[in-house]
Novice: 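Just dropping this structure here.
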Amino acid sequence: MKLICDGLDLSDAVLKVSKALSVKASNPILEGIKITAKGDTLTLLATDMELTIEKKIKADVLMEGETVVVGKYFVEFVKKLEKEQIELSRLYDGQLKIKYSDSESELQIFPAENFPKIEKDEDGNFIELTQKDFKEIVEKTAFACSADDSRPILKGCLFEINDSLLTAVALDGFRMAVVKKQVLSDQNIKAVIPARALNEIIRLLDKDENTIKIYIQKNSLFVQVENTVLMSRLIEGEFVKYNHILPANFENKLTVNRQALLTSIERASIVARNDRYNVVKFDIKEDMMSISAKSEIGVVNENVSVMLTGKDLTIAFNGKFIIEYLKIIDDEFITINLNTPIDPCTITAVGKESSLYLVLPVRISA
């Protein structure tokens with residue numbers, strides 16, 4: 001194998017595929033990046049058997065072939081050569097020679113035949129929507145996925161399609177995010193996609209007006225964005241019946257300026273952050289809401305104007321959970337729907353029912 005390619009193109013490709021590298025794998029070859037030179041193309045591939053990313057770039061291929069290079073060191077090394085023309089060649093003594101300017105270096109390689117066979121399948125069910133819409137769905141849901149390995153199903157986001165209406169749901173036991181969006185789809189689909197895969201897909205998107213087609217088979221997902229292919233295993237198991245979590249109705253509703261509420265909770269959280277639950281209290285009365293927090297650091301007590309329909313209410317939340325949602329939406333006003341101090345509340349943008357955020361309160365003493 002021997003080829004010449006642009007250093008910037010190679011660095012960009014290596015960085016993209018490295019997101020799928022396995023860390024401390026039982027099989028060392030999963031810590032490597034497979035390099036294939038064929039025709040006028042250099043293909044780079046990495047996988048940890050859960051997530052797979054492949055990237056193709058143009059190259060002057062002098063001798064076709066393939067090998068696997070140790071990923072961690074290849075990423076770091078190539079990043080320092082972005083302004084160079086790079087020549088890669090496989091040596092017979094088990095090394096990859098890297099030539100640049102008047103210098104050359106060598107890195108360890110593995111036999112390509114030992115690398116797992118990755119099959120790409122573009123058949124089956126698919127979802128098609130604009131890149132802008134897909135980004136919005138992921139940004140408004142994936143943050144609420146669980147990071148806890150004890151309930152693997154909650155580490156993913158449910159994508160459920162019925163009659164071309166996509167409902168995306170993520171929850172972690174303390175809060176839940178739901179987004180609905182019209183899409184193009186050939187069938188009704190129900191799949192739980194790992195949050196990690198969703199976040200890697202949106203990193204590939206840079207043209208909001210273009211469409212993206214996501215193929216979903218029984219156990220896997222496949223998507224191609226220009227010269228990059230991403231594949232991921234789906235999470236198996238029964239997702240939580242999220243409709244059972246949503247309250248049927250609410251006794252109290254308040255409307256508030258999103259930015260005013262966000263900045264007030266952020267200031268209160270500075271004091272509350274030493275507390276395990278980051279408790280921020282809302283004391284709602286008529287047209288004013290008092291936002292307060294206290295700890296050994298100090299006390300914060302601020303007032304924010306609201307429009308309340310219903311009864312006065314005192315309720316507390318983990319400030320972090322409210323802040324995270326308010327930061328990812330850009331609407332001027334939001335509506336907070338509440339019942340009692342121990343029941344979940346929902347947050348929606350005024351006039352927009354296509355997405356909502358549910359969060360459980362924190363119990364506080366009277």
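Quick caveat: nothing in here was measured; it's all calculated off a predicted structure.
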Novice: When the ring planes of Y325 and Y357 are compared, do they come out parallel, tilted or perpendicular, using 30° and 60° as the limits?
Specialist: parallel
Novice: Hey, could you give me the SG/CG distance between C5 and L42, rounded to the nearest 0.5 Å?
Specialist: 5.5 Å
Novice: Do you know which two heavy atoms are closest between Q259 and N257, and how far apart they sit?
Specialist: N-OD1, 3.0 Å
Novice: As an exercise, state the distance from CG of L171 to CD1 of I153, rounded to the nearest 0.5 Å.
Specialist: 10.0 Å
Novice: Is the backbone of R175 close enough, under 3.5 Å, to the side chain of D172 for a donor and an acceptor to pair up by distance?
Specialist: yes
Novice: Consider only side-chain N and O atoms of T348 and E353, and report whether a donor and an acceptor are under 3.5 Å apart.
Specialist: no
Novice: Do we see a donor-acceptor contact under 3.5 Å between the side chains of T43 and K56?
Specialist: yes
Novice: How far does CD1 of I127 sit from CG of L221, to the nearest 0.5 angstrom?
Specialist: 8.0 Å
Novice: Hey, are K79 and S11 close enough side-chain-wise for a donor-acceptor pair under 3.5 Å?
Specialist: no
Novice: Surrounding OH of Y242 (heavy atoms of other residues, nucleotides or ligands, distance under 6.0 Å), is the total greater than 12?
Specialist: yes
Novice: Can the ring centroids of F282 and F317 be said to lie less than 6.0 angstrom from one another?
Specialist: yes
Novice: Would you compute the distance between atom CD1 of I29 and atom OG of S22 and round it to the nearest 0.5 angstrom?
Specialist: 12.0 Å
Novice: Starting at CD of Q182, measure out to CG of D163 and round the result to the nearest 0.5 Å.
Specialist: 9.0 Å
Novice: Nearest heavy-atom pair of N301 and S290: which atoms, and what distance?
Specialist: OD1-OG, 2.8 Å
